[in-house]
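In listed order, ligands and their atoms are each counted from 1.
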Amino acid sequence: MIFIGMDSLSFLFHRISEKYIFEQIFKNMADAQLNIKPMEEWGLFSNINKPLVIAGPCSVESEEQIFETAQMLQVGGIEVLRAGLWKPRTFPGSFEGIGEVGIPWLKRVQRELKMKIATEVANAKHVEEVLKAGIDLLWIGARTTTNPFAVQEIAEALRGVDIPVWVKNPVNPDVELWEGALRRLNLVGLTKIAAIHRGFSAYASSKYRNVPQWQLPIELKQRYPNLQMFCDPSHIAGQRKYVFEVSQQAMDMGFTGLFIESHICPEHALSDAAQQLTPTDLFSLLEKLIIRVGETENVEYKENMDDLRAQIDILDQDLLDILTKRMNISAEIGRYKKENNITILQPGRWETLLAQVLRKGEERGLQREFLEKIFKAIHQASIDCQTKIMNQ
Ligand code: PEP
Ligand code: MN
């Protein structure tokens, strides 16, 4: 038996109420919207039609490399150049960026080609250097977004400065860290903030370098509808041959723009050589993209769509009815098991059921992964319901 003294009880009570208060504050914070100035007013893009494109090499390597790349991109209509001065690399000894030595080369591009320049900042020192130089916009890299101390340091260094900042998702699939970084910038007064989706690290191998997990940027956009989402198809893809399909998918999801790597001579790039495109390849990619609109005034389309949606609504209603019936039977089974002192989980039964459903579903052309997700969720809900009954 464990005895709890009055002191421990009141301590516990305080901790619980403290936790409750924190949760309420956090909830209210999360409910608040970000204060974001419409992108049309940021003065970066002369034409605000989708997709807005920020392109350029992974890293600044030399004056010739950056100037020639920028020149070709500018001729093709790119107005904003991305170019990393400081590169966060996994292994020491890799090319970690040219650093502030490259700033005058970027200033030349800005001056002679009239392009706007974006670079990555990861600490207050970087911020200080780029602000002194008059770089036009910044981005926070995926590794930095994971670290609230670093983001806060950057935010403090930017307090009172009216500069646009794009925030990449953290390397781990955590919407809150991403959101937290945006909030930190907003709290020091930055209103020109946008997000970049660059995919997430995964231990399991996948065809992409970073798995997209599209539901995460969608979740962020749902929380903050006024936040503009850009996609970095280069870091998701990891290989040139996949950059187009990722870009198209981003467009189909309604993303505002692309943040994409382009190098005058990708094979010789000092970082991310496999995923960069020549400016010419970038232009043919952009040409090939199909840009779909969110809405249309076409009456026939609207009527057909209304009809199809009405059918979906009826089917969803049916699904709810069926789920309710199924859960009621599950509950009945739970009561019966309890009366007879039988365990809730019967693995043999579940395995047979799942195998049967997968086989029948696949015969009908339904995807195995989809079926597994749905039936595992249904099975879990049944177990939860029966556990509740057992414990009553
Ligand atoms: C980059 O943009 O070159 C970069 C380092 O990207 P990320 O932070 O997404 O890895
Ligand atoms: Mn890169």
Side-chain angles (χ1 to χ4, degrees), residues 53-61 65-66 69-70 73 78 80-92 94-99 102 106 117-123 126 130 135 137-148 150-151 154 164-175 177-178 181-182 185 194-202 206 208-214 216-217 220 229-240 242-243 246-247 250 255 257-278 281-282:
V53 182
I54 297 177
C58 179
S59 309
V60 179
E61 298 168 6
Q65 169 256 5
I66 192 64
T69 308
L73 290 171
I78 303 295
V80 185
L81 181 82
R82 62 145 285 157
L85 290 168
W86 299 278
K87 302 304 298 177
R89 304 303 300 279
T90 303
F91 293 110
S94 310
F95 174 65
E96 291 185 318
I98 201 86
L106 292 176
I117 311 290
T119 202
E120 173 174 346
V121 287
N123 58 37
H126 296 162
V130 297
I135 296 296
L137 58 145
L138 309 176
W139 84 82
I140 294 182
R143 288 159 193 79
T144 308
T145 310
T146 51
N147 180 354
V151 176
I154 294 169
V165 184
W166 266 255
V167 180
K168 289 202 177 193
N169 63 258
V171 281
N172 52 325
D174 183 337
V175 186
L177 268 179
W178 200 358
L182 289 155
L185 296 176
I196 300 173
H197 169 225
R198 52 75 82 195
F200 302 88
S201 284
S206 110
Y208 296 138
R209 178 179 176 193
N210 289 294
V211 283
Q213 305 210 35
W214 295 98
L216 277 98
L220 186 67
M229 300 292 311
F230 278 58
C231 176
D232 173 345
S234 315
H235 286 88
I236 291 177
Q239 291 185 59
R240 270 183 278 291
Y242 298 136
V243 176
V246 178
S247 307
F255 276 55
L258 295 172
F259 189 87
I260 197 162
E261 288 188 340
S262 177
H263 189 288
I264 187 85
C265 188
E267 313 81 79
H268 294 120
L270 298 181
S271 58
D272 291 348
Q275 70 194 29
Q276 304 205 56
L277 302 173
T278 60
D281 286 347
L282 170 66

Go through the side-chain N and O atoms of E61 and H268 and say whether any donor and acceptor fall under 3.5 Å apart. no
Answer key: the N, O or S atom of E261 nearest to the Mn ion (ligand 2) is OE2
Is it true that a side-chain atom of T69 and a backbone atom of I264 form a donor plus acceptor pair closer than 3.5 Å? yes
Within ligand 1, which atoms have a heavy atom of E261 less than 4.0 Å away? 1 (C), 3 (O)
E120 and W86, any side-chain heavy atoms less than 4.5 Å apart: no
Kindly compute the distance separating CD1 (I117) from CD1 (I66), expressed to the nearest 0.5 Å. 7.5 Å
Closest protein heavy atom (residue, atom, distance) for atom 8 (O) of ligand 1: A142 N, 2.8 Å
Under 4.0 Å from any heavy atom of G141, which atoms of ligand 1 are there? 8 (O)
Using a 4.0 Å cut-off to any heavy atom of R143, which atoms of ligand 1 qualify? 7 (P), 8 (O), 10 (O)
Between ligand 1 and R82, is the shortest N or O to N or O distance under 3.5 Å? yes
Would you give the angle at the Mn ion (ligand 2) between D272 atom OD2 and C58 atom SG, to the nearest 10°? 100°
Quick one, L106 and L85 - any side-chain contact, counting heavy atoms below 4.5 Å? yes
What residue and atom, counting heavy atoms only, is the protein's closest point to atom 6 (O) of ligand 1, and at what distance? K168 NZ, 2.9 Å
With heavy-atom distances below 4.0 Å as the criterion, list the atoms of ligand 1 near R198. 7 (P), 9 (O), 10 (O)
Step by step, would you call K168 with D232 a salt bridge (charged side-chain N to carboxylate O under 4.0 Å, His left out)? CA-CA 9 Å; K168 289 202 177 193; D232 173 345; 2.7 Å; yes
Over all atoms of both residues, closest heavy-atom pair of M229 and P217: CE-CB, 3.6 Å
Looking only at protein heavy atoms, what sits closest to atom 4 (C) of ligand 1 is H235 NE2, 3.5 Å
In ligand 1, which numbered atoms sit nearer than 4.0 Å to a non-hydrogen atom of C58? 3 (O)
Is it true that E261 and H235 share a donor-acceptor pair across their side chains at a distance under 3.5 Å? yes
Can you tell me which residue and heavy atom of the protein come closest to atom 3 (O) of ligand 1, and the distance to 0.1 Å? K87 NZ, 2.8 Å
